Amino acid sequence: MTLAPNVYDAEPIPEAARAEIDRLLQSGDLFRYTAPQDAPVALLEREFADLMGVKYALAVSSCSAALFLSLKALDLPRDTKVLIPAFTFAAVPSSVVHADCIPVLVDVTDNYRVDMADFEKKLTEDIGAVIISHMRGHTSDMDAIMALCDARGVPVVEDAAHSLGTLWHGRKIGTIGKIGCFSFQSYKMLNAGEGGVLVTNDPDVVARAVIMSGAYEHNWKKHKSPRGENSSDLEEAFARWQNKLPLYNQRLSNLSAAVIRPQIPELERRVTDGLRNHDYVADKLNTSPWIDVPAALAPETRAPDSIQFNLVGMTDGETRAFMAAAKDRGVSVQVFGMHTDNARAHWNWEFIGDQGPLPGTDKMLMRACDTRLPVRLKQPELDFIAEALIAAAADVKTRASVAAE
Ligand SMILES: *Cc1c(COP(=O)(O)O)cnc(C)c1O
């Protein structure tokens, strides 16, 4: 019998990182602003901006820090309401609270995406910004969201932490809103353990974010300007904000940048393999009458490294039995709403106060399963996972029909 695949280990970091890390260890040059120019963090920012096809990138200590700085860079007054999806990671409402703003949750449907009717209803006059969390890399309807937000002049921040490599009508997710935020935490496509980056084309947004991330005095001069661009827009923006903003010190270290940079050339392969693996397992799972993997939206080309699916026609008891049966067969599944203290279930965000009913999200969270599917898995491992999940659902439903006789 094949052993259950290990779905927890990340890919090894490319060998090329070693020489650079060794050089940094020799010189002790770990702080991004020690070198007068071309520090690894500054080079990473330039490479990431070029990869995304945007003017500016700012590397910081996490995606959560990037989201926080995005709201700060938008200069939102204290207690501004920020619309966010009710299905996301606890760090997202936390970043809103951290920025002295008030999160307002918008309902989500059973395909894990923003419920556009509820979005339209909640995009009231007092909403000062929107964060769209493309949770687990599922892209919400960016055409409808941008049309509504542009019409009202509300800035959109994309939480693309789990969407690096995802396309929408061929455009890169994270570059459609005013600001896009990504994560370099170990479960994401580029792994530095911790880290994040924000991207934008707006010189004032980036200048404000750079300063507040901890570019004290004239350290902003060590950030690289876009290739072939006149840098005066950016310099003028920095001059406008000099000494006017607090320093939150959420910088990235050179060591982290040295770990990330050699992974950038691996990204395309990771994205291709991740999508192939996901769709292979999704097709198999969809043959089960008890499992439904929601389809991608038509404009969307996904970049998954995990799979989400809904249990169909199962009671709460059967859903629990399914998790246990899958585990017995060697595959760990979390049903977001049934896992005690799950950080993706909004009722566990007790720090944000009562949000009123969120019926679509609640229903989804009680049947939506989450299984890791690292891009490095090979076909026999994918077969093992798909077959274990299908058999676990059949175990539960066969038992149920026997009990009913
Ligand atoms: C991982 C993740 C975050 C948080 O990223 P950090 O870098 O750990 O702060 C936020 N939102 C989503 C959708 C994520 O997947």
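In each ligand, atom 1 is the first atom listed, and ligand 1 is the first ligand listed. Remember, it's a predicted structure, so these values are computed and weren't measured experimentally.
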*asked:* Assess, by modelled atom type and distance only, whether the side chains of Ser332 and Gln334 contain a donor and an acceptor separated by less than 3.5 Å.
replied: no

*Do the side-chain N and O atoms of Asp362 and Trp347 include a donor-acceptor pair separated by under 3.5 angstrom?*
no

Determine all donor-acceptor pairs shorter than 3.5 Å in which one atom belongs to a side chain in residues 348-360; sequence neighbours excluded.
{"unit_1": "Asn348", "atom_1": "ND2", "unit_2": "Asn342", "atom_2": "O", "d": "2.9"}
{"unit_1": "Trp349", "atom_1": "NE1", "unit_2": "Ala343", "atom_2": "O", "d": "2.9"}
{"unit_1": "Gln355", "atom_1": "OE1", "unit_2": "Leu105", "atom_2": "N", "d": "2.9"}
{"unit_1": "Gln355", "atom_1": "NE2", "unit_2": "Pro103", "atom_2": "O", "d": "3.1"}

Closer than 4.0 Å to some heavy atom of [X] - which atoms of ligand 1 meet that?
| X | result |
| --- | --- |
| Ser183 | 5 (O), 6 (P), 7 (O) |
| His162 | 15 (O) |
| Gly195 | 7 (O) |
| Lys188 | 1 (C), 2 (C), 3 (C), 14 (C), 15 (O) |
| Ser62 | 7 (O), 9 (O) |

Identify the protein heavy atom lying closest to [atom], giving its residue, its atom name and the separation to 0.1 Å.
| atom | value |
| --- | --- |
| atom 11 (N) of ligand 1 | Asp159 OD2, 2.7 Å |
| atom 5 (O) of ligand 1 | Cys63 CB, 3.3 Å |
| atom 4 (C) of ligand 1 | Ser64 OG, 3.9 Å |

*With a 4.0 Å heavy-atom cut-off (strictly under), which part of Leu67 contacts ligand 1: side chain, backbone, both or neither?*
neither

*Salt-bridge criterion met for Glu235 and Arg240 (N-O under 4.0 Å)*: no

_Would His346 and Phe336 count as a ring pair (Phe, Tyr, Trp, His ring centres under 6.0 Å) here? Give the steps._
CA-CA 10 Å; His346 65 86; Phe336 296 103; over 10 Å; no

_Partner set under side-chain hydrogen bond (donor to acceptor under 3.5 Å, both in side chains) for Thr88, not counting sequence neighbours_ = Ser133

*Please determine if Arg372 forms a cation-pi arrangement with Tyr187, meaning its NZ or CZ atom is less than 6.0 Å from the six-membered ring centre and no more than 45° off the ring axis.*
yes

